[in-house]
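Each remark here refers to the structure printed beneath this line.
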Amino acid sequence: LPHPAVWFWSPGTPGVGKTTLGKELASRAGLSYVNVGDLAKEGELYEGFDEEYDCPILDEDRVIDELEDRMSEGGVVLDYHGCDFFPERWFHVVLVLRTENGLLYDRLQSRCVGHRGCAGGHLTGSPALLHVSFSRGYAGKKLQDNIQCEIFQTLYEEAVSSYKKEIVHQLPSNTPEDLERNLDQIMQWIEQWMKDNN
């Protein structure tokens, strides 16, 4: 059997460590790593532009089509900020990284956002959004909306309503020590899954 498809996401914001954790997990476990933001950017998988958040709108159907074969093979760490449009059959584990609000606020303000995602669309029910601004950190409404997502656990609740509750896990992501503990715990889960399914 292939490795489990492991997907993890965070509460809508860059800065909680999902890319760092995802790349390191893939390296340690021999899994493949896919950043949905990068995939969308490379394939221009957009269906419009959101003026309020100044970013393209992700074409969710095209993203699903692009990922279907890769995900059916298993052994994938999928890095994205939202989850409500991904098929439940793809995942064995959904990991929600959580960062203390003060730390997250500081990280977002000072961060060059590049190809990372935002949570704005999830707060309003509109399509998921993908930010591609390169020269500034988060500010104003975008910063406030993402911090509110963390405070109210908006996307954790989305994960629990989209997938079986027993596969959704929250992990702290505040310090380098948290990163190491999380990697150790996830590696144990993967090893146990392999034993149980071989």
Side-chain angles (χ1 to χ4, degrees), residues 1-14 16-47 56-98 114-119 121-122 127-132 155-156 158-171 173 179-198:
L1 287 177
H3 284 307
V6 178
W7 174 53
F8 71 95
W9 62 284
S10 62
T13 55
V16 297
K18 65 186 180 291
T19 299
T20 301
L21 178 66
K23 287 180 176 179
E24 185 61 25
L25 174 61
S27 174
R28 289 187 189 187
L31 305 172
S32 64
Y33 169 81
V34 177
N35 181 301
V36 174
D38 290 345
L39 180 79
K41 185 177 177 184
E42 291 163 11
E44 298 183 16
L45 305 176
Y46 307 121
E47 63 181 14
I57 299 171
L58 192 65
D59 185 328
E60 296 171 352
D61 291 334
R62 288 177 61 206
V63 168
I64 296 295
D65 291 345
E66 185 73 24
L67 288 170
E68 186 69 51
D69 290 342
R70 200 179 313 185
M71 295 303 292
S72 66
E73 294 171 6
V76 178
V77 177
L78 190 62
D79 174 351
Y80 193 59
H81 65 275
C83 68
D84 59 342
F85 69 95
F86 292 115
E88 184 177 358
R89 70 181 180 279
W90 280 5
F91 308 111
H92 293 95
V93 179
V94 176
L95 306 172
V96 180
L97 299 182
R98 300 297 311 271
H115 57 271
R116 310 290 187 225
C118 73
H122 292 287
L129 303 177
L130 181 72
H131 282 275
V132 292
L155 296 175
Y156 170 72
E158 181 183 294
V160 170
S161 68
S162 298
Y163 302 97
K164 296 175 187 167
K165 188 171 183 171
E166 60 268 16
I167 72 165
V168 178
H169 304 276
Q170 293 189 75
L171 300 173
S173 185
L179 173 64
E180 283 303 318
R181 275 191 297 273
N182 291 340
L183 286 165
D184 289 344
Q185 183 175 9
I186 298 163
M187 290 300 296
Q188 289 176 8
W189 287 340
I190 291 172
E191 289 169 13
Q192 187 61 51
W193 188 92
M194 293 299 289
K195 286 178 186 173
D196 294 346
N197 291 280
N198 279 329

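- At least one side-chain heavy atom of Leu67 sits under 4.5 Å from a side-chain heavy atom of Phe86.
- No side-chain heavy atom of Arg181 sits less than 4.5 Å from a side-chain heavy atom of Gln185.
- In this structure, Trp90 and Tyr163 have side chains that are not in contact, with every pair of non-hydrogen atoms separated by 4.5 Å or more.
- Side-chain contact between Ile167 and Val93: absent, with no pair of heavy atoms (C-beta onward) separated by less than 4.5 Å.
- In this structure, a donor-acceptor pair under 3.5 Å is absent between the side chains of Gln188 and Asp184.
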Query - Pair Arg28-Leu183, side-chain contact (heavy atoms from CB on, under 4.5 Å): steps then yes or no - result: CA-CA 9 Å; Arg28 289 187 189 187; Leu183 286 165; 3.6 Å; yes
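- Contact check for Val76 versus Leu31: no side-chain heavy atoms found under the 4.5 Å cut-off.
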Query - Audit row: Ile190, Leu25, side-chain contact (heavy atoms from CB on, under 4.5 Å) steps and yes/no - result: CA-CA 10 Å; Ile190 291 172; Leu25 174 61; 4.0 Å; yes
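- Within the 4.5 Å cutoff, the side chain of Leu21 has no heavy atoms near those of the Ser173 side chain.
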Requested in this report: Apply ring pair (Phe, Tyr, Trp, His ring centres under 6.0 Å) to the pair Trp189 and His169, showing each step before the final yes or no.
Outcome: CA-CA 11 Å; Trp189 287 340; His169 304 276; 4.5 Å; yes
Requested in this report: Mind running side-chain contact (heavy atoms from CB on, under 4.5 Å) on Leu78 and Tyr33 for me, showing each step along the way?
Outcome: CA-CA 6 Å; Leu78 190 62; Tyr33 169 81; over 6 Å; no
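- For the side chain to side chain contact (heavy atoms under 4.5 Å, CB included) test, residues two or more places apart in sequence or in another chain that qualify with Leu45 are Leu39, Ala40, Arg62, Val63, Glu66.
- Annotation: Gln192, atom CD; neighbour count of heavy atoms from other residues, nucleotides and ligands within 6.0 Å is above 12.
- Taking every heavy atom of both residues into account, Val77 and Gly22 meet most closely at CG1-CA, 3.8 Å.
- What you find for Tyr156 and Val168 is that their closest heavy atoms are CE1-CG1, 3.7 Å.
- Contact record, Ile64 with Pro87: CD1-CD, 3.6 Å, taken as the closest heavy-atom pair.
- For the pair Leu171/Ile186, a side-chain contact is recorded, criterion being any heavy-atom separation below 4.5 Å from C-beta on.
- Between atom CZ of residue Arg89 and atom CD of residue Glu68 there is a gap of 4.5 Å, rounded to the nearest 0.5 Å.
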**Report entry** Check against side-chain contact (heavy atoms from CB on, under 4.5 Å), Lys164 and Glu88
**Finding:** CA-CA 8 Å; Lys164 296 175 187 167; Glu88 184 177 358; 3.4 Å; yes
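- Under the 4.5 Å side-chain criterion, counting only non-hydrogen atoms from C-beta, Glu60 is not in contact with Glu47.
- When all heavy atoms of Ala29 and Met187 are compared, the closest pair comes out as CB-SD, 3.7 Å.
- Of the possible donor and acceptor atoms, one in the side chain of Ser162 sits under 3.5 Å from a partner among the backbone N and O of Glu158.
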